[in-house]
Every structure is written in structure tokens, then in C-alpha cells.
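Please read these numbers as outputs of a predicted model, since none were measured by experiment. In the text below, chain A, chain B and the rest are named by the order of the sequence lines, each starting its count at 1.
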2 protein chains.
Amino acid sequence: MSTPEDASKIYRQYLSAVMLHGHAGAKACHLGATDLYALNILELSGAMTPGELGTRTGLTTGPTTRLIDRLEAAGYVRRAPSPDDRRKVIIEPIDRPGRLDEVLAPARRAIGAIIGDYSPEEREVLFDYFVRATRAYQDSTENLNEPP
Amino acid sequence: MSTPEDASKIYRQYLSAVMLHGHAGAKACHLGATDLYALNILELSGAMTPGELGTRTGLTTGPTTRLIDRLEAAGYVRRAPSPDDRRKVIIEPIDRPGRLDEVLAPARRAIGAIIGDYSPEEREVLFDYFVRATRAYQDSTENLNEPP
DNA sequence: AGATTTATCTTCCTTTAGGAAGAGATTAGA
DNA sequence: TCTAATCTCTTCCTAAAGGAAGATAAATCT
């Protein structure tokens, strides 16, 4: 990992591995692509209304309702009434969604072990990177979603 | 990032941000979920036959052929004849697929800038992690795909 | 209060992706 | 050599997801 091309390749393969694992996990739970997408949005941004979720996923209202139906039936989210506006509904992700959590657990354990191998100072570096990369990816994603 | 729960949450959000960005990029290129999945497989494992790609994606032969048709039409892969077996075809990813690369470029630049901010020693830690995490995710993905 | 806007949901229709079965070509094996 | 197995592709059918339009209920504004 000396030349920039090596670094780029390593990073691209790392991203591919992350994506493939996510897809494989979703498939193992019989979750469609959009369902996984929505769950990631909820993981990242917390509870929100169907309207907002529809906007973020790029779906119209009809499919959004059924997306939420699927997630609710599978036990990943819950519909709660909004306290301040009775037209609204709040989609709350459920803390530890059994099936998906179970499927992703082995990878989490493996990554936990890897991270645990580093010194506290090195872990600081890693988590600093995680936080900053999260923001960078969020910003880039917003820019991708705006244009259309 | 002091308690383990914080660390776990940071990491989960990081993963979600990565996944969301991948999905958004694919959507911006009008790529379906399976298409993105297949491209990630090719990125990670290099050229392979339709049969192997079908196995890896979990598709039967019919849909696999059309998956490759879509990717080829969009300019992401190329069909090459196999030199040793004339029944076989080799699906080669195209080095720099224009559209997708262009869409992902802003994020790559942002991440490159973040990584460039660290000291060489810190970068060593990051890339060591990337390499090890890649293997861990690959292994976990294989285990997820085997059972069924 | 009445009209307008907002938010979710329902229904119907279209599109697309995936499975099943089989054809054509090539290789491997008896 | 002739049969069986392998690999890709084609065709037809089914199923699932998304768009469009409208219904219902509640909030907002005059």
C-alpha cells in the first residue's frame, strides 16, 4: 500500500466488501433493496414521518405506505401517532430488530475484534475517521439526491 | 466516543452512510439493486464467467444473462470469449466506467481529503484497518450466502 | 364556520426483474 | 465416435415494486 493506485484499490475493495455484506444481509432477511435503503435512512437520521421517508427514498406516497407496511410487518419499524399533528405518523425504528441484527452479528463481532486489537490511540484515529467519513458520505449523498 | 454504545452507534451510522451513498450513486446512474450488487462483486473479485456471477448473485441463468446485458449496454462490463473453453464467456469490468465514476467522484475526493489530513503513521492504521475489515466482511458475506 | 392545504392511505395499472424450461454449441468421457 | 454433461442464451410466464389519481381526515387560514 505504497502507491496512490494501491491505496485507491484497497479502498474501493473495502467499500465493495461493505456493500456486498449489506446486500447479503438484507437478502438473508428477505428485505428488498428499497427496504434496506429505508432502514439505513432511519438508522442514520432516526424517526421520521412517512412523507419525509418518501422524499428521502424518492418514492411517491403510494409505494411509501407499502414500504412502511412491509417494514412494520417484518418488525423493523413501528407506526406511532404524532403528538402535535394528528394527520401525521411517526415511523420509529425498533431498537434491536431481531432477524437483521442476528444476521449481521458475526460481521459485527469480527469487526469488533479487529478494532479491539488496536491501541487506544489507534482506535482514536479510526473513530475520528468514522465520524468524519460519515459526514462526508452524508453530504455527497445529499448532493446526489438533489439534482433530479 | 467513550462508551461502547457510542462506539457501536458511530460505527452503525458510518455503515449506513456508506450504504446510502452507494445506493444513491447507483440510482443516479439508473442502476438497479442487483446491477450494483454484481458490479461490486466484479470490483472485489475481478473478471469471471456468467455462471460464476450467477452463483454469486443467487440468480438463475436467464436473469443472469440479462443482468450482463444491462451492464454491458450501460458500458460497465465487456463480454470476452474464454481462451480455453469456447462455451464460456468472461465478464470483464471496464476500468473506469464513465458515469458511475463521475457520480462517485465527489465522495472519493472528500474521503481522499480526510485521509490526507492524517499523518503517515495514522494513515498506516487506517489502511491496515481497511484491509483487515475487507477480509472480515468478505468472510461474513460468504457465510451468509452459504446456508440457504 | 367554510375553504384551502397538508398528510397519509387506498386502488388500479404499468413496468421490470426473476424463475422455469428448453435450445444450441462445445467439451469431456465411455 | 457417440453419448452425456456443461455453459450460455432465448422464450414465456409470474410476481413484486413503483407511479398516478383520488379518497379521507386533520390542520391552517381567511
Side-chain angles (χ1 to χ4, degrees), chain A residues 20 23-24 26-42 45-74 76-93 145 148, chain B residues 19-20 23-24 26-42 45 47-74 76-93 145 148:
Chain A
L20 288 177
H23 278 256
K27 196 182 299 179
C29 296
H30 310 102
L31 283 171
T34 304
D35 304 43
L36 175 63
Y37 191 68
L39 283 178
N40 277 316
I41 290 173
L42 289 166
S45 303
M48 63 185 67
T49 64
E52 191 173 348
L53 187 58
T55 304
R56 302 274 297 265
T57 52
L59 295 175
T60 55
T61 67
T64 299
T65 296
R66 283 175 315 211
L67 161 68
I68 297 165
D69 289 345
R70 288 195 300 272
L71 294 179
E72 193 175 35
Y76 294 117
V77 303
R78 175 174 39 225
R79 275 182 170 97
S82 169
D84 57 299
D85 188 334
R86 292 195 310 181
R87 292 168 305 177
K88 289 188 181 175
V89 168
I90 295 182
I91 311 303
E92 300 174 336
N145 289 336
Chain B
M19 295 287 294
L20 288 177
H23 277 255
K27 197 183 297 179
C29 295
H30 310 102
L31 283 171
T34 304
D35 304 43
L36 175 62
Y37 190 68
L39 282 179
N40 276 316
I41 290 174
L42 289 166
S45 304
M48 62 185 67
T49 65
E52 191 173 349
L53 187 58
T55 303
R56 302 274 296 265
T57 52
L59 295 175
T60 55
T61 66
T64 299
T65 296
R66 283 174 317 213
L67 161 68
I68 297 166
D69 289 346
R70 289 196 300 270
L71 294 179
E72 194 174 36
Y76 293 118
V77 304
R78 176 175 38 225
R79 276 183 170 95
S82 169
D84 56 300
D85 187 335
R86 293 194 309 183
R87 292 168 305 180
K88 289 188 181 174
V89 169
I90 295 181
I91 312 302
E92 300 174 338
N145 289 335

Enquirer: Within this structure, what is the OG-CG distance for the pair B:Ser45 and B:Asn40, rounded to the nearest 0.5 Å?
Expert: 10.0 Å
Enquirer: Which whole-number value in Å describes the distance from A:Arg79 CZ to C:dA7 P?
Expert: 16 Å
Enquirer: Once you round it to whole Å, what is the distance between P of D:dT8 and CD of B:Glu72?
Expert: 14 Å
Enquirer: Once you round it to whole Å, what is the distance between P of C:dA7 and CD1 of A:Ile91?
Expert: 14 Å
Enquirer: Tell me what A:Thr64 touches on the nucleic acid: a base, only sugar-phosphate, or nothing, going by heavy atoms under 4.0 Å.
Expert: nothing
Enquirer: For A:Lys88 and C:dT5, give me the distance from atom NZ to atom C1', rounded to whole Å.
Expert: 13 Å
Enquirer: Kindly write out the residues that satisfy salt bridge (charged side-chain N to carboxylate O under 4.0 Å, His left out) with A:Arg66, not counting sequence neighbours, or none if the list is empty.
Expert: none
Enquirer: How many whole angstroms separate atom NZ of A:Lys27 from atom C1' of C:dA17?
Expert: 13 Å
Enquirer: Atom CG of B:Asp69 and atom P of D:dT8: how far apart are they, to the nearest Å?
Expert: 13 Å
Enquirer: Would you give a per-nucleotide map of nucleotides 18-30 of chain C, 5' to 3', where B means the base has a protein non-hydrogen atom under 4.0 Å away, S means only the sugar-phosphate does, and - means neither?
Expert: BBB-----BS---
Enquirer: For A:Leu31 and D:dA17, what is the distance between atoms CG and P respectively, to the nearest whole Å?
Expert: 10 Å
Enquirer: Looking at residues at least two apart in the chain, or sitting in another chain, which of them share a salt bridge (charged side-chain N to carboxylate O under 4.0 Å, His left out) with B:Arg79?
Expert: B:Asp69, B:Glu72
Enquirer: Please name all residues satisfying side chain to side chain donor-acceptor pair (under 3.5 Å) with B:Arg87, sequence neighbours left out, ordered by chain then number.
Expert: B:Asp85
Enquirer: Which residues satisfy the side chain to side chain donor-acceptor pair (under 3.5 Å) test with B:Thr60, sequence neighbours excluded?
Expert: none
Enquirer: Please identify each residue that fulfils side-chain contact (heavy atoms from CB on, under 4.5 Å) with A:Glu52, with sequence neighbours left out.
Expert: A:Met48, A:Thr49, A:Arg56
Enquirer: So, is A:Thr49 close to the C:dT8 phosphate, meaning a side-chain N or O under 4.0 Å from OP1 or OP2?
Expert: yes
Enquirer: Just how far, in rounded Å, is C1' of D:dG18 from CD1 of A:Ile68?
Expert: 15 Å
